[in-house]
Amino acid sequence: MARVSQEHLDARRRQILDGAARCFARNGFHGTSMQDVLKEVGLSAGAVYRYFPGKEDIIAAITEETFAVIRGSFEEASVMSPPPTPDVLLGRALGGVLGGQVYGLQRRTFAALVVQLWSETLRDERLATLLGEGYASMRVAWSKLVDAYRSAGILEGDVSDEDVARTMIAVAQGFLVQEALFGDVRPEVVEKGLRGLMSITPQKIS
């Protein structure tokens, strides 16, 4: 019997994940059955179960991949030298997340899938652990970036690096939610909006 190549195995796994992601994005996790996934990918139950014992395992794999895409985009932006200002940085990070064709989904559909994944972590401890690990690594990377701002003399004040990093991450998460709900979130909108907020000069209250 001919040995199946690793390339073939990887391609089959990719086929399953892409098809399942389309189903989940279209009907939600709980509105999608394994039969729906089998029909979408055009494979037998045996072929799919060889890679994933059940739907929860497919969801976990998609969660891990999706968070890796987001984390990778943010970490790539955070290690640029010299570090770009937060408005440029967040614009680039979101552009990286929404600019690609992840799972073959359009950007708004992908953002909607991300929001679904976030909500699913509230009931699934396995997914919550994956999210927590990814979020922790992002906070470390972005805290280092904030420290670089401080070292360069472009960030003043005694607020902690982690507090600033968490706020920047929250802004990015908020724009992903906007894309999922309303669409038309463009990196230049993020940059211009943040640049406007950054230009506000605190006034003393008499």
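Values reported hereafter were calculated over all heavy atoms of this structure, with side chains retained and with hydrogens, waters and symmetry mates removed.
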Item checked: Stepwise side chain to side chain contact (heavy atoms under 4.5 Å, CB included) check, Glu179 with Val114 -> CA-CA 10 Å; Glu179 175 64 28; Val114 171; over 6 Å; no
Would you check if [X] and [Y] make a side-chain contact, meaning some heavy-atom pair closer than 4.5 Å?
| X | Y | value |
| --- | --- | --- |
| Ile58 | Tyr51 | no |
| Thr66 | Tyr103 | yes |
| Phe52 | Leu17 | yes |
| Leu98 | Phe175 | no |
| Glu191 | Val88 | yes |
| Met34 | Tyr49 | yes |
| Thr63 | Glu120 | no |

Just how far is it from atom [atom1] of [X] to atom [atom2] of [Y], taken to the nearest 0.5 Å?
| X | Y | atom1 | atom2 | value |
| --- | --- | --- | --- | --- |
| Leu127 | Phe29 | CG | CZ | 7.5 Å |
| Leu176 | Trp118 | CG | CH2 | 4.5 Å |
| Arg150 | Asp158 | CZ | CG | 8.0 Å |
| Leu122 | Leu131 | CG | CG | 9.0 Å |
| Ile62 | Ile16 | CD1 | CD1 | 10.5 Å |
| Ile59 | Leu130 | CD1 | CG | 12.0 Å |

Same apolar cluster (I L V M F W Y, side chains within < 4.5 Å links), [X]/[Y]:
| X | Y | result |
| --- | --- | --- |
| Ile70 | Val140 | no |
| Val177 | Val189 | no |
| Val97 | Phe182 | yes |
| Tyr135 | Leu94 | yes |
| Val171 | Tyr149 | yes |

Please confirm whether the backbone N or O of [Y] pairs with a side-chain atom of [X], one donor and one acceptor, at under 3.5 Å?
| X | Y | answer |
| --- | --- | --- |
| Glu162 | Ser143 | no |
| Lys55 | Thr32 | yes |
| Glu40 | Gly19 | no |
| Arg195 | Val190 | no |

Shortest non-hydrogen contact between [X] and [Y], atoms and distance:
| X | Y | value |
| --- | --- | --- |
| Cys23 | Asp36 | SG-O, 3.7 Å |
| Met198 | Pro86 | CE-CD, 4.0 Å |
| Leu113 | Ala25 | CD1-N, 4.3 Å |
| Ser199 | Gly196 | OG-O, 2.6 Å |
| Ala61 | Arg13 | CB-NH2, 3.8 Å |
| Gln116 | Gly28 | OE1-CA, 3.1 Å |

Note to self: Gln35: which residues meet the side-chain contact (heavy atoms from CB on, under 4.5 Å) condition with it, sequence neighbours left out?
What the structure shows: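 Result, side-chain contact (heavy atoms from CB on, under 4.5 Å) vs Gln35: Ser33, Leu38.
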Notebook entry, point to check: Would you call Arg71-Glu133 a salt bridge at under 4.0 Å N-O?
Noted result: no
Check: Would you call Arg126 and Asp57 a salt bridge, taking side-chain N to carboxylate O under 4.0 Å as the test?
Finding: yes
[atom1] of [X]: more than 12 outside heavy atoms within 6.0 angstrom?
| X | atom1 | value |
| --- | --- | --- |
| Glu188 | CD | yes |
| Gln15 | CD | yes |
| Glu65 | CD | yes |

